[in-house]
Amino acid sequence: MGYGSFGRWFLLLGGLAIIAAARPAIAGTRSEAQTLNRILREVEELKADKQQDEQKIQNLEQKVDEIQGQNKQLKEANQKLQTDTGTKIEALQTKVDAPIASSEFGNAFDRYLGSHTFTITGAAGGDFIYNQQSAALDGLHHESQNSFFFDWEPMVLYRPTDWILFEGVLSAGFGSTGTGTDLSLAEFQIFANDYTTIVAGLFDQPFGDWYENQSPMWVNRFVTAPLPFGVEPVVPPGEIGVQVRGGMQFGELGQDADYTVWGGNGVNYSSPVLGAAVSSPTAAANSQTNGKSIGARFRVYPLPVAWEKGRLELGASTYNGKWMNGKWFNSWGLDFNYFIDNLQTRGEWVEAYRQMPNGQAADNRQGWYVQAGYFLNALNVPFFSDQLNGYLHRLEPLVRYSGVNQRGVSTDDIAGATGVGLGGMQVGLVPDFGLNGSPALYAPHSREVALGLDYWFAPSIVWQNEFDLELPRAGGVFVASDGTQTPVGATPNDRAFLTQFKIGF
């Protein structure tokens, strides 16, 4: 091999060695670049986390400042409240120690009434009555009449403490015999506990539903009373004595029951003859008995409110006692009330038995009434204007049918002052406030259809109109004071119109 060939091989081997040495250097450079990039990314991430932490710290510091500010305000308000309270206590103590000035007596009395409530409520009304008496019961005077009447019935309520209430009602009217006043109610109501109330004094008869709940002038939907509670009452309208009453819920909401038991002076009559009138409440204190009366009433409300089927009341009553030398008096009755939407209905059945002296036959009496009314506030006539429909919505048409059956009627009660008018002044066959005065009312088997139309200006202001059709049945006798009986004979069919404006307050 020549020198030239050897030289070429030497250069070739040297180049290869240089190339082999350069490749590891290039690989090491790339690895370092990757590491540097990773470090740079981590630095950026740390910077971002730092900014977030700084923002969180700033928010927390702001919240701390707000809480400290609120705490400072609360401390200042508390300090001010303590200062104001101390000032007011000192002022009140000064007023308590100082005598009440005459100029401040009114305010002091108002504060006293805060726990000693004294209230005057009641009703007032005026009416016009036209009675067309087409004929009389045999032997009795008759004459078509018309007249104006007025009645005022203030109610006084006084509650000196939470456990007792006094209630008193007067009836002051200007009627057929002039001005008169009648004490209708005067009683204490003692609230023994949540389930028991004790009532003592002169009270409406708790028998049935009419006397206690429907008879007040501002409650009665008609101008007059149903026949069993008018001039020929089957049971007395009032009693002087004591009663205990209470109630309870026996099922769902709305399913309730209540009871009333009472005792008093007993029933009284105008005379010891057949058909004599039951005395009014103010005469209930007269001692015409050898024993006292006792009565009981039980009512149940079976429909739950959740059923949305209206409200139904079913009641049963009894009232018993003795009169005139220990003669028995017994009575019982059933009543109902049902209301749903704009419809209201009610009715009662009453029956009484009175043992008579001197061998006379028993004085048995029966009475009943059914009544319905419907508010027209949901009725809209298409061709009526809004104003006319507004008037229509205030109307309440009503109808009532009532009757009484008894063997006879005392002529003395017809000719004399019976005291059955709301003012206690009704005399003979003369209209009075709430009484049309028809002779047909005194028929032993009286019947009446009453048509009513009420116009409600407001819940406590109403104009009432009533048209009465007297349809008595034949039969029965008139009884004189000596017991002489005369057949009634022909019975007239009278007509009467009554219109009344009244307000409750």
Donor-acceptor contact below 3.5 Å, side chain [X] vs main chain [Y]:
| X | Y | answer |
| --- | --- | --- |
| T411 | F478 | no |
| R297 | G208 | yes |
| R365 | V350 | no |
| E252 | A306 | no |
| R299 | F336 | no |
| K309 | L303 | no |
| Q464 | N220 | yes |
| E232 | V404 | no |
| D363 | G275 | yes |
| N265 | G241 | no |

Atom pair [atom1] ([X]) and [atom2] ([Y]), whose distance is rounded to the nearest 0.5 Å:
| X | Y | atom1 | atom2 | value |
| --- | --- | --- | --- | --- |
| R394 | N377 | CZ | CG | 11.0 Å |
| I461 | I503 | CD1 | CD1 | 6.5 Å |
| Q249 | Y301 | CD | OH | 13.5 Å |
| N213 | R346 | CG | CZ | 8.5 Å |
| E466 | F497 | CD | CZ | 9.5 Å |
| F467 | L451 | CZ | CG | 7.5 Å |

Can you find a pair of side-chain heavy atoms, one from [X] and one from [Y], that are under 4.5 Å apart?
| X | Y | answer |
| --- | --- | --- |
| L498 | D468 | yes |
| N131 | E470 | no |
| K322 | Q355 | no |
| E153 | L170 | no |
| Y369 | L227 | no |
| P302 | L312 | yes |
| I198 | V242 | yes |
| S293 | E239 | yes |

Requested in this report: Could you go through the side-chain contact (heavy atoms from CB on, under 4.5 Å) check for D209 and E313 one step at a time?
Outcome: CA-CA 10 Å; D209 181 65; E313 171 197 314; 3.9 Å; yes
Nearest atoms (heavy-atom pairs only) where [X] meets [Y]:
| X | Y | answer |
| --- | --- | --- |
| L453 | L398 | N-CD1, 4.5 Å |
| S317 | P206 | OG-O, 4.5 Å |
| D335 | A316 | OD2-N, 4.2 Å |
| G168 | F166 | N-CE2, 3.9 Å |
| L441 | L435 | CD1-CD1, 4.0 Å |
| T197 | F191 | OG1-CD2, 3.8 Å |

Requested in this report: Decide side-chain hydrogen bond (donor to acceptor under 3.5 Å, both in side chains) for S460 and W218; before the verdict, give the C-alpha distance in whole Å, the side-chain angles of both, and the deciding distance to 0.1 Å.
Outcome: CA-CA 8 Å; S460 60; W218 61 89; over 6 Å; no
Query - Derivation and outcome, side-chain contact (heavy atoms from CB on, under 4.5 Å), residues F229 and Q214 - result: CA-CA 11 Å; F229 309 100; Q214 306 301 323; over 6 Å; no
Please set out all donor-acceptor pairs under 3.5 angstrom arising from side-chain atoms of residues 327-334, sequence neighbours excluded.
from	atom 1	to	atom 2	distance (Å)
N330	ND2	N320	OD1	3.1
S331	OG	Y319	O	2.8

Return yes when atom [atom1] of [X] has more than 12 non-hydrogen atoms of other residues, nucleotides or ligands closer than 6.0 Å, and no otherwise.
| X | atom1 | result |
| --- | --- | --- |
| I294 | CD1 | no |
| D386 | CG | no |
| R311 | CZ | yes |

**Report entry** side-chain contact (heavy atoms from CB on, under 4.5 Å) between V234 and Q366, intermediate numbers included
**Finding:** CA-CA 7 Å; V234 179; Q366 299 172 342; over 6 Å; no
Report task. Please assess Q205 against W262 for the test side-chain hydrogen bond (donor to acceptor under 3.5 Å, both in side chains), listing each intermediate value before the final yes or no. Result -> CA-CA 9 Å; Q205 195 75 261; W262 70 96; 3.0 Å; yes
**Report entry** Mutual orientation of the aromatic rings belonging to Y401 and W368 [parallel < 30°, tilted 30-60°, perpendicular > 60°]
**Finding:**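 Rings of Y401 and W368: tilted, 30 to 60°.
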Report task. Fit a plane to each ring of Y455 and Y391, take the angle between them on a 0 to 90° scale, and name the class: parallel (under 30°), tilted (30 to 60°) or perpendicular (over 60°). Result ->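 Plane angle between 30° and 60°, so tilted.
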Query raised in the report: Are the ring centres of Y259 and F298 closer than 6.0 Å?
Result: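 Centroid distance Y259-F298: not below 6.0 Å, so no.
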Report task. Just do the side-chain hydrogen bond (donor to acceptor under 3.5 Å, both in side chains) check on Q344 and E396 with the steps written out, would you? Result -> CA-CA 10 Å; Q344 53 170 317; E396 180 190 11; 2.4 Å; yes
Requested in this report: May I have the step-by-step check of side-chain hydrogen bond (donor to acceptor under 3.5 Å, both in side chains) for S410 and D412, ending in yes or no?
Outcome: CA-CA 5 Å; S410 170; D412 287 348; 4.7 Å; no
Requested in this report: Test F149 against D151 for side-chain contact (heavy atoms from CB on, under 4.5 Å), laying out the working first.
Outcome: CA-CA 7 Å; F149 303 93; D151 189 68; over 6 Å; no
